[in-house]
Colleague: 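Following this message is one structure expressed as structure tokens.
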Amino acid sequence: MSTKKVCIVGGGCAAVATAFELTQPQRNGEFEVTIYQQGWRLGGKGASGRALPSQRIEEHGLHLWMGFYENAFGMMRACYEELGRNPEICPIATWDQAFKPDNYVGVTEDLADGWANWMALFPPASGNPGDPLKTADPFSIPAYLTRCVLLLRTLITSVQDRVPQAEVKGGSDLVSAVAALARSTARGVVAEPLKSAERLASYGQLAIGVVIAEALDILRRIFDRRPQSWKPDDDLHAAQSLMTKLSVVIHSQIEQLTALDPELRRVWEIADVVLAIIRGILRDGLIFNPRGFDAIDDLDWREWLRLHGASELSVNSAFVRASYDLLFAYEDGDIDRPRLAAGQALRGALRMFFTYRGALFWKMQAGMGDIVFAPFYEVLKRRGVKFEFFHRLEDLKLDGSGKLVGQAIFNVQAKVKRGLDYEPLVNVKGLPSWPSEPDFSQLTGGDKLKKSGWDAESRWDEHSAGTRTLKIGKDFDFLVLAVGLGEVPNVAAELIAASPPWRRMVEEVKTVATQAFQIWLDKPVDELGWSKPSPNISGYVEPFDTWADMPQLIALEDWEVDPKAIAYFCSVLPDSEIPTSDNPLSSARDRVKENAIRFLDKDVAHFWPGAVRKDGFDWSLLSGPDKSSDGPVRFSSQFWTANINPTDRYILSLPGSLKYRISPLDQHFDNVTVAGDWTRCGHQAGCVEAAVMSGRLAAHAMSLHPPLEEIVGYDHP
């Protein structure tokens, strides 16, 4: 068997996932893999670095893993097991030391008298992400409907005693409907649990809470049935009829409760959204539609909820708004243009809340580069994968047939000293990590490069130590394009011109710039006025709508005097705020710095009232080597970033755009596949899970491994 040479361009999650699958020991060396990466580190949008003198962790943004990331966690766990670190030497030797569960999620909401925080605890779920799945499919639409009904019943029960015993609009109709449905034998599905429904009807409004519970139980029993035993006309008609009457009653109660108990309004907003989801799935026939949730992707998430009866109160609630914030779902970064494809929003919400295992969130215990990409680098290198750092792709050239990529042309940004391989990692308290800048001592002319201010990760820095052209048959047989979508038009012009699907993709699928900053504080946040659990909270004001408390990172940094808190903030960066120039990165970073200073001065008091003086933020709270300065100039010791590089821009899931994404399985060119969270991979959203799924699909396209049925969620409805 001849060895096939694979060139992977890019070093993010999708790239390393592809390499990890192609070099599995059971492949017996079938593939010779080389990863070509601009700059000095792996990670893509998930890259992080360690900055001197404190070896503090600097990220591209806020990274949290979700409990439904089955593919990502499965691969990560396999990586740590193969790595086999010695726990006596390395402080993070196993996956469950690398990731810790966090079951709290928070949102902020804008009330008439100011902002309020809402923190919710999601109970630990059985198992851990990446465990083998049980026989029952948790990802089917009937399974989701059942979980929706159970959640709805829990929400209603939790507040039922506080609903006034007054006339409820539609109550009599619901009682009659439940009694009528109970009399129907309907293959025994609903008759048995409701033998006393006619007796309930005699109680009228006094029994309305009981009747709601019984109505929900009917729906649960219908949805619990095997999908193949469903009869679309009978079952859908019965469920839709009951849902219509149930919704009238619940909405009536919502109106009363909103007026009488604002504290519980949030619970009812979620209940209202869940009702709209159930109605929408039934009315749109998504259970029987072969496209599943993709069938509604031309609609915006809020638009779809409105179509199926969600109130304006719920549609504009903090809960819904946060779903846009977490996915940076603002076209052109304009917060007045929130847009999110309904099908993917629905898929993501149902997976997030109903299929998580262990915890809703999992927090990394060091930087993403340390926790994810250093272990993958070490394992892949041990397997024989070659890494060519400081190689930025400039162009792909088709051969004469127009069906193959014949050449890949790279700008060699810097050369490693003769006879050496670039060694990228540094050791921080026993943990292999990536530095925040290259090791110039390993590079030819490194001192000169360092003094010049060279930025190896900037698309606008044209420094070159030469070019390198890879040729098909000699240097590669297959090529995996795993750069960010924003970079594709810059490096694949011939492919785009030759392929209508590629052209439509780059025209229709959009990206957005993001901004982030991190600060290190000399006081813990509870001493600054935060009284709730350590948060991951979203939905706040721009320019930074999301905050995560990250104190767990302090132990793995190396300060002379440890800070007491670390705070990460992030949001979209409007395209209108990105300067138009030959090298906009420096100006964009200046804008982010200005945004961060203004946010701390004007807005952070909502979270930390004790951090603000009469004239604004108390800058003396910031940890850092320079304690002599005060005022906003002190912020210069902190970290901020403008993610405007084409390959760093976040992929959007805009309504009407997802159908234009190409899949790693598509054969538009015979020796090329794509990988990234911007591809059609079964979960069309910008996240680690989508990137890993795409990387596994890219490996399958070349090797038929892993089998498609092992890619969890690929055939998701």
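Atom set for the values below is all heavy atoms of this structure, side chains included, hydrogens, waters and symmetry mates excluded. In this text, all values refer to a predicted model and were calculated from it rather than measured experimentally.
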Colleague: Checking K429 against E557 for the salt bridge (charged side-chain N to carboxylate O under 4.0 Å, His left out) test, could you report, in this order, the C-alpha distance in whole Å, the side-chain angles of both residues, the deciding distance, and whether it holds?
Modeller: CA-CA 8 Å; K429 292 186 172 180; E557 297 181 338; over 6 Å; no
Colleague: Is it true that, when you exclude D447 itself, more than 12 heavy atoms of the residues, nucleotides or ligands shown sit nearer than 6.0 Å to its CG?
Modeller: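 Counting other residues, nucleotides and ligands, CG of D447 stays at 12 neighbours or fewer.
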Colleague: Are Q684 and D677 close enough that a side-chain donor and a side-chain acceptor fall under 3.5 Å?
Modeller: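 No, D677 and Q684 have no side-chain donor paired with an acceptor closer than 3.5 Å.
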Colleague: Quick check: closest heavy atoms across A329 and L652, and the distance to 0.1 Å?
Modeller: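 Here A329 and L652 meet closest at CA-CD2, 4.0 Å.
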Colleague: When you check the side-chain N and O atoms of S636 and K593, is any donor under 3.5 Å from an acceptor?
Modeller: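 Checked: S636/K593 side chains pair up, N/O donor to acceptor below 3.5 Å.
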Colleague: Which residue is it: F607, Y540, F599? I am looking for the one with a ring pair (Phe, Tyr, Trp, His ring centres under 6.0 Å) to W547.
Modeller: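 For W547, the ring pair (Phe, Tyr, Trp, His ring centres under 6.0 Å) test succeeds with only one of F607, Y540, F599, which is F607.
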Colleague: Could you tell me if S464 and N411 have a donor-acceptor pair between their side chains, going purely by distance under 3.5 Å?
Modeller: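 N411 vs S464: donor-acceptor pair found between side chains.
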Colleague: Begin from the C-alpha positions of D455 and R589 and carry the test salt bridge (charged side-chain N to carboxylate O under 4.0 Å, His left out) through to its verdict.
Modeller: CA-CA 13 Å; D455 187 346; R589 287 172 176 161; 3.4 Å; yes
Colleague: Under 3.5 Å, is there a donor-acceptor pair between the T679 and S663 side chains?
Modeller: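 No donor-acceptor contact under 3.5 Å links the two side chains.
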Colleague: Among D558, D439, D370, whose salt bridge (charged side-chain N to carboxylate O under 4.0 Å, His left out) with R50 holds?
Modeller: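 Answer to the salt bridge (charged side-chain N to carboxylate O under 4.0 Å, His left out) test with R50 among D558, D439, D370: D370.
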Colleague: Please test D618 against R613 for salt bridge (charged side-chain N to carboxylate O under 4.0 Å, His left out), starting from the C-alpha separation and ending with a verdict.
Modeller: CA-CA 6 Å; D618 182 358; R613 303 176 297 201; 3.4 Å; yes
Colleague: For W640, which of F544, F635, Y568, F517 qualifies under ring pair (Phe, Tyr, Trp, His ring centres under 6.0 Å)?
Modeller: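 Only one option passes, and that is F635.
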Colleague: Taking T546 for the side chain and S538 for the main chain, is one N or O donor matched with an acceptor at less than 3.5 Å?
Modeller: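 Side chain of T546 to backbone of S538, a donor-acceptor pair under 3.5 Å: no, none is there.
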Colleague: Looking only at heavy atoms, which two atoms of L556 and V428 are closest? And how far apart?
Modeller: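 Between these two residues, the closest heavy atoms are O-CG1, 3.7 Å.
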Colleague: Inspect the contact between R41 and E457 and indicate whether a charged nitrogen and a carboxylate oxygen are less than 4.0 angstrom apart.
Modeller: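 Yes, E457 and R41 are salt-bridged.
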Colleague: Between E394 and R459, does a salt bridge (charged side-chain N to carboxylate O under 4.0 Å, His left out) hold up when you go through it step by step?
Modeller: CA-CA 10 Å; E394 295 295 334; R459 163 45 77 175; 3.5 Å; yes
Colleague: Give the minimum heavy-atom separation between V592 and T641, together with the two atoms involved.
Modeller: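 Between these two residues, the closest heavy atoms are CG1-O, 3.7 Å.
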Colleague: Do you know which of L393, T469, D395 makes side chain to side chain contact (heavy atoms under 4.5 Å, CB included) with F410?
Modeller: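 Looking at L393, T469, D395, the match for F410 under the side chain to side chain contact (heavy atoms under 4.5 Å, CB included) is L393.
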Colleague: Anything under 30° is parallel, anything over 60° is perpendicular, the rest tilted; go ahead and classify Y324 against Y330.
Modeller: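 Correct class here is tilted.
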Colleague: Decide whether T647 and N645 meet the rule of one side-chain donor and one side-chain acceptor closer than 3.5 Å.
Modeller: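 T647 vs N645: no donor-acceptor pair found between side chains.
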Colleague: Go through the side-chain N and O atoms of N595 and Q515 and say whether any donor and acceptor fall under 3.5 Å apart.
Modeller: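 The answer is yes; a qualifying pair exists.
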Colleague: State yes or no: are the ring centers of F389 and Y36 separated by less than 6.0 Å?
Modeller: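 When the ring centroids of F389 and Y36 are compared, they turn out to be at least 6.0 Å apart.
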Colleague: State, to 0.1 Å, how close D300 and L340 come at their nearest heavy-atom pair, and which atoms those are.
Modeller: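 Heavy atoms of D300 and L340 come nearest at OD1-N, 2.8 Å.
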Colleague: If you take all heavy atoms of E378 and L425, which pair is closest and at what distance?
Modeller: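 E378 and L425 have their closest heavy atoms at CG-CD1, 4.1 Å.
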Colleague: Looking at W678, does the NZ or CZ of R661 lie under 6.0 angstrom from its six-membered ring centre and within 45 degrees of the ring axis?
Modeller: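 Because its charged atom misses either the 6.0 Å distance or the 45° angle limit, R661 does not stack over W678.
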Colleague: Identify which one of Y377, W40, F373 satisfies the ring pair (Phe, Tyr, Trp, His ring centres under 6.0 Å) criterion when paired with W434.
Modeller: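 The ring pair (Phe, Tyr, Trp, His ring centres under 6.0 Å) with W434 is passed solely by Y377 among Y377, W40, F373.
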Colleague: Report yes if some heavy atom in the side chain of Q442 is under 4.5 Å from a heavy atom in the side chain of K417; otherwise report no.
Modeller: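 A side-chain contact under 4.5 Å is absent here.
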Colleague: Got more than 12 heavy atoms from elsewhere within 6.0 Å of NZ, K450?
Modeller: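 Open: at most 12 neighbouring heavy atoms sit under 6.0 Å from NZ of K450.
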Colleague: How close do H683 and G348 get, counting heavy atoms only, and between which atoms?
Modeller: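 For H683 and G348, the tightest heavy-atom pair comes out as CE1-CA, 4.0 Å.
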Colleague: In terms of relative ring orientation, are W608 and F617 parallel, tilted or perpendicular, with 30° and 60° separating the classes?
Modeller: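 Because their plane-to-plane angle lies in the 30° to 60° range, the rings of W608 and F617 count as tilted.
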Colleague: Can you check whether Q638's main-chain N or O pairs, donor with acceptor, with R56's side chain at less than 3.5 Å?
Modeller: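 A pair under 3.5 Å: yes.
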Colleague: Closer than 3.5 angstrom, by distance alone: can the side chain of D477 be matched with the main-chain N or O of K5 as a donor-acceptor pair?
Modeller: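 Judged by distance alone, yes, a pair lies under 3.5 Å.
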Colleague: Other residues, nucleotides and ligands only: do more than 12 of their heavy atoms fall within 6.0 Å of NZ on K386?
Modeller: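 No.
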Colleague: Side chains of K403 and N671: is there a donor and an acceptor less than 3.5 Å apart?
Modeller: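 K403 vs N671: no donor-acceptor pair found between side chains.
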Colleague: I'd like to check V9 versus V480 (side-chain heavy atoms, cut-off strictly below 4.5 Å). Are they in contact?
Modeller: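 Result no, sub-4.5 Å side-chain heavy-atom pair not found.
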